[in-house]
Amino acid sequence: MNYQAIPAKTAANWLSLFFVGITLGRFIAGFLTIKITSKHLMRAGSLAILAGSLLMILPLPSIFLMIGLILIGLGCAPIYPAMVHETPQRFGKTLSQSIIGFQMAFAGIGSMAMPLFFGFLTTKFSMSIYPYFLLISALLMIASTERINYSSKKG
């Protein structure tokens with residue numbers, strides 16, 4: 001099935017750019033940690049995911065779908081490492097090992113469950129919900145992360 005008249009082979013090639021974005025983003029984020037805090041890396045990553053999702057949603061030429069995928073990959077890159085790095089500051093050193101264990105467990109569960117959940121959604125709707133799914137996921141992540149940032153400032 002074609003989405004926005006893009007052949008499946010082209011879409012598959014473009015999707016590989018998402019993983020190129022993650023790889024490049026991890027490389028860049030490693031250097032940015034010298035000057036930028038983990039909280040700022042998480043925010044920047046989340047904003048990149050939002051921007052990429054919006055590029056995929058807006059009625060723009062198809063090249064912007066590819067750019068959106070790259071941006072989403074770049075945005076995903078620093079989030080998980082930054083969250084793990086920020087854990088001792090947010091929850092204290094005594095709890096951090098347990099919390100990091102939970103983070104790793106839920107990352108694995110999410111990696112397993114989200115494709116299944118999204119696949120179910122696409123059978124009920126269509127693949128066109130993909131950018132909206134990413135947008136909603138990014139907004140939920142931003143809301144929960146910022147809530148923890150706010151709570152850790154008060155405590």
Side-chain angles (χ1 to χ4, degrees), residues 3-4 6 9-58 60-118 127 129-155:
Y3 174 66
Q4 292 190 359
I6 297 171
K9 184 178 179 182
T10 303
N13 288 334
W14 286 3
L15 186 57
S16 68
L17 294 175
F18 166 78
F19 296 103
V20 169
I22 288 178
T23 304
L24 185 61
R26 289 269 170 103
F27 182 75
I28 293 168
F31 288 108
L32 290 177
T33 58
I34 297 168
K35 296 280 185 188
I36 299 175
T37 67
S38 295
K39 287 181 185 179
H40 287 105
L41 280 173
M42 286 186 281
R43 285 180 182 135
S46 299
L47 291 175
I49 294 169
L50 286 175
S53 299
L54 289 173
L55 282 177
M56 293 178 75
I57 290 169
L58 294 172
L60 299 169
S62 61
I63 191 74
F64 287 97
L65 291 171
M66 181 180 69
I67 294 168
L69 283 169
I70 295 169
L71 265 176
I72 291 167
L74 284 169
C76 287
I79 292 173
Y80 183 72
M83 280 185 179
V84 171
H85 183 263
E86 192 67 22
T87 300
Q89 288 78 25
R90 289 181 173 192
F91 300 101
K93 292 186 189 254
T94 57
L95 294 176
S96 64
Q97 285 185 339
S98 296
I99 303 251
I100 290 171
F102 278 111
Q103 287 172 328
M104 294 178 84
F106 278 98
I109 291 168
S111 295
M112 178 191 67
M114 290 304 266
L116 181 68
F117 177 64
F118 182 71
M127 191 64 188
I129 66 166
Y130 181 63
Y132 300 98
F133 181 81
L134 292 174
L135 182 68
I136 291 167
S137 298
L139 289 171
L140 288 171
M141 181 179 59
I142 290 169
S144 60
T145 303
E146 290 303 318
R147 183 167 185 251
I148 290 172
N149 286 342
Y150 179 75
S151 298
S152 64
K153 281 183 193 174
K154 291 172 85 177

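Just the heavy atoms: all of them, side chains too, but no hydrogens, waters or symmetry mates, feed the values below. Every value quoted in this text rests on a predicted model; they were computed, and no experiment measured them.
- Rounding to the nearest 0.5 Å gives a distance of 6.5 Å between CE of Met83 and CZ of Arg90.
- In this view, Phe64 satisfies the ring pair (Phe, Tyr, Trp, His ring centres under 6.0 Å) rule with no residue, not counting sequence neighbours.
- Among pairs with a residue in residues 17-45, those fulfilling ring pair (Phe, Tyr, Trp, His ring centres under 6.0 Å) read Phe27-Phe31, at least two apart in sequence or across chains.
- Taken to the nearest 0.5 Å, the CD1 atom of Ile57 stands 11.5 Å off from the CD1 atom of Ile129.
- Checking side-chain atoms of Thr33 against main-chain N and O of Gly30 turns up a donor-acceptor pair under 3.5 Å.
- The CD1 atom of Ile72 sits 5.5 Å away from atom OH of Tyr130, with the distance rounded to the nearest 0.5 Å.
- Side-chain atoms of Met141 and Ser46, non-hydrogen and from C-beta on, do get closer than 4.5 Å to each other.
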*Where do Thr145 and Ile142 land on the side chain to side chain contact (heavy atoms under 4.5 Å, CB included) test, with the steps shown first?*
CA-CA 5 Å; Thr145 303; Ile142 290 169; 5.9 Å; no
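- Judged as a side chain to side chain donor-acceptor pair (under 3.5 Å), and not counting sequence neighbours, the contacts of Gln103 are Thr87.
- Nearest heavy-atom pair across Gly45 and Pro78 is CA-CG, 4.2 Å.
- When all heavy atoms of Ala138 and Leu50 are compared, the pair lying nearest together is CB-CD2, 3.9 Å.
- Annotation: side chain of Met104 is in contact with side chain of Tyr80 (closest heavy-atom distance under 4.5 Å).
- Between Gln97 and Ile100 the shortest side-chain heavy-atom distance does not fall below 4.5 Å.
- Distance check: Phe102 CZ to Phe91 CZ gives 11.5 Å after rounding to the nearest 0.5 Å.
- Summarising the geometry, atom CD1 belonging to Ile36 is positioned 4.5 Å from atom CG belonging to Leu32; distances are rounded to the nearest 0.5 Å.
- Within the 4.5 Å cutoff, side-chain heavy atoms of Ser137 are placed close to those of Met114.
- Listed by chain and residue number, His85 satisfy the side chain to side chain donor-acceptor pair (under 3.5 Å) test with Ser38 (two or more places apart in sequence, or in another chain).
- Distance check, rounded to the nearest 0.5 Å: CG of Leu41 to CD1 of Ile28 gives 11.0 Å.
- The side-chain contact (heavy atoms from CB on, under 4.5 Å) check on Val20 picks up Leu17, with sequence neighbours excluded.
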*Please assess Trp14 against Ile70 for the test side chain to side chain contact (heavy atoms under 4.5 Å, CB included), listing each intermediate value before the final yes or no.*
CA-CA 9 Å; Trp14 286 3; Ile70 295 169; over 6 Å; no
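- Scanning for side chain to side chain donor-acceptor pair (under 3.5 Å) contacts around Ser16 gives an empty result, with sequence neighbours left out.
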*Show your reasoning for whether side chain to side chain contact (heavy atoms under 4.5 Å, CB included) applies to Met56 and Tyr132.*
CA-CA 9 Å; Met56 293 178 75; Tyr132 300 98; over 6 Å; no
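- Between Leu74 and Gly21, the closest heavy-atom pair is CD2-O, 3.4 Å.
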*Evaluate side chain to side chain contact (heavy atoms under 4.5 Å, CB included) for Leu55 paired with Leu71, printing each intermediate quantity in order.*
CA-CA 9 Å; Leu55 282 177; Leu71 265 176; 3.7 Å; yes
